[in-house]
Amino acid sequence: MTRLTTCVDAEAAAIRAATEMARHLELAVAERGIGHVALSGGTTPARTYELLARRTQQWTGVELWFADERCVGPEDEQSNYRLVAETLLAQAEIPLERVHRMEGELGPEEGARSYAATLRAHAATDRERDRGNGVPVLDLILLGIGPDGHVASLFPGATTLDADESAVCLGVVDSPKPPPERISLSLPVLRAARRCLLLATGASKADAVNAMLAEPSRHVPASLLRRDRLTVILDDDAAGDRLRR
Ligand code: 6PG
């Protein structure tokens with residue numbers, strides 16, 4: 001069952017998301033000694049990352065990954081790594097060897113291949129857990145959602161949605177959201193995660209949120225997430241009339 005929370009505004013949603021993330025990571029580290037978390041870029045999560053930096057005292061055992069990255073260098077203003085560096089890493093004492101940047105500068109295919117190898121080397125696969133298809137299991141993935149229902153860099157109707165069940169990381173060359181070249185975790189990895197936390201604020205996301213909670217469809221990648229492992233945090237504007245508090 002999807003857990004859904006609607007907050008009065010974007011700040012309250014960011015506070016709730018940071019609190020949820022800290023709780024999931026603390027539980028993961030307490031239970032398994034390690035917590036693998038992947039972060040998204042865009043604009044929505046910046047405040048959450050700033051708050052998360054102050055909420056989590058114990059970063060020991062946390063391995064930081066990325067859900068997607070644009071094929072630019074880490075200093076580029078479009079870089080998701082730069083967003084995380086300026087909000088979370090600037091305040092949280094996470095050892096750099098535990099921060100696994102997607103190397104967008106390698107380009108989509110080589111960047112995806114390299115990241116998949118690194119992720120496989122660090123995170124246990126779901127084959128042991130639930131006879132899955134052998135993809136790495138992350139403890140928590142923070143996702144945003146586009147107005148078209150995309151998550152990470154998995155876009156409506158894209159061939160990346162049909163990737164093999166064992167695919168870990170994919171190169172994207174035709175993103176409708178600039179820049180066109182990206183690296184993204186695959187849908188199997190998003191679905192194998194113990195928990196996905198999707199954060200959406202603003203009226204421009206209301207239709208996508210509704211579509212996400214309707215019948216699963218390749219035209220709405222967010223609707224293909226594992227609903228029983230999904231937490232959705234919205235502000236009133238993104239909740240729209242149907243889900244508003
Ligand atoms: C990216 C993001 C992307 C983002 C959504 C929402 O690299 O662009 O990972 O998936 O989460 O597009 O973006 P906003 O938060 O800016 O609305």
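In what follows, every heavy atom counts, from backbone to side chain, and hydrogens, waters and symmetry copies are set aside. First listed ligand is number 1; within each ligand, the first listed atom is number 1.
Evaluated for a side-chain contact (heavy atoms from CB on, under 4.5 Å) with Leu243, the options Asp236, Val209, Thr5 yield exactly one hit, Val209.
Residue contact annotation: Arg70 has a non-hydrogen atom under 4.0 Å from ligand 1.
For the pair Asp228/Met1, no side-chain contact is recorded, criterion being any heavy-atom separation below 4.5 Å from C-beta on. Counting only heavy atoms from C-beta outward, the side chains of Leu64 and Trp59 never approach each other to under 4.5 Å.
Ion pairing between Lys205 and Asp237 fails under the 4.0 Å rule for side-chain N and carboxylate O. One finds no salt bridge joining Lys177 and Asp148 here, because no Lys/Arg side-chain nitrogen approaches an Asp/Glu carboxylate oxygen to under 4.0 Å.
No close placement of the His122 and His36 rings is indicated, their centers lying 6.0 Å or farther apart.
Contacts with ligand 1 closer than 4.0 Å are made by no heavy atom of Glu69, backbone or side chain.
Taking every non-hydrogen atom of Gly144 and a distance limit under 4.0 Å, the qualifying atoms of ligand 1 come out as 11 (O). Short contacts between ligand 1 and Ala152, defined as distances under 4.0 Å to a heavy atom of the residue, involve ligand atoms 3 (C), 10 (O). Of all atoms in ligand 1, listed by their number and element, those nearer than 4.0 Å to a heavy atom of His150 are 3 (C), 5 (C), 10 (O), 12 (O). Each of the following atoms of ligand 1 lies closer than 4.0 Å to a heavy atom of Asp68: 1 (C), 2 (C), 7 (O), 9 (O), 10 (O).
The shortest N or O to N or O distance between Asn80 and ligand 1 is under 3.5 Å. Taking distance alone, with nitrogen or oxygen atoms compared against 3.5 Å, Gly41 approaches ligand 1 more closely than that limit.
When only non-hydrogen protein atoms are considered, atom 4 (C) of ligand 1 lies nearest to Lys177 NZ, 3.8 Å. Of the protein's non-hydrogen atoms, the one nearest atom 17 (O) of ligand 1 is Lys205 NZ, 2.6 Å.
Counted by atom type alone, Asp235 and Thr201 present zero donor-acceptor pairs between their side chains at under 3.5 Å.
Considering each of Ile145, Ile183, Thr44, the one bringing a non-hydrogen atom nearest atom 6 (C) of ligand 1 is Ile145.
Between the side chain of Tyr115 and the backbone N or O of His100 there is at least one donor-acceptor pair closer than 3.5 Å.
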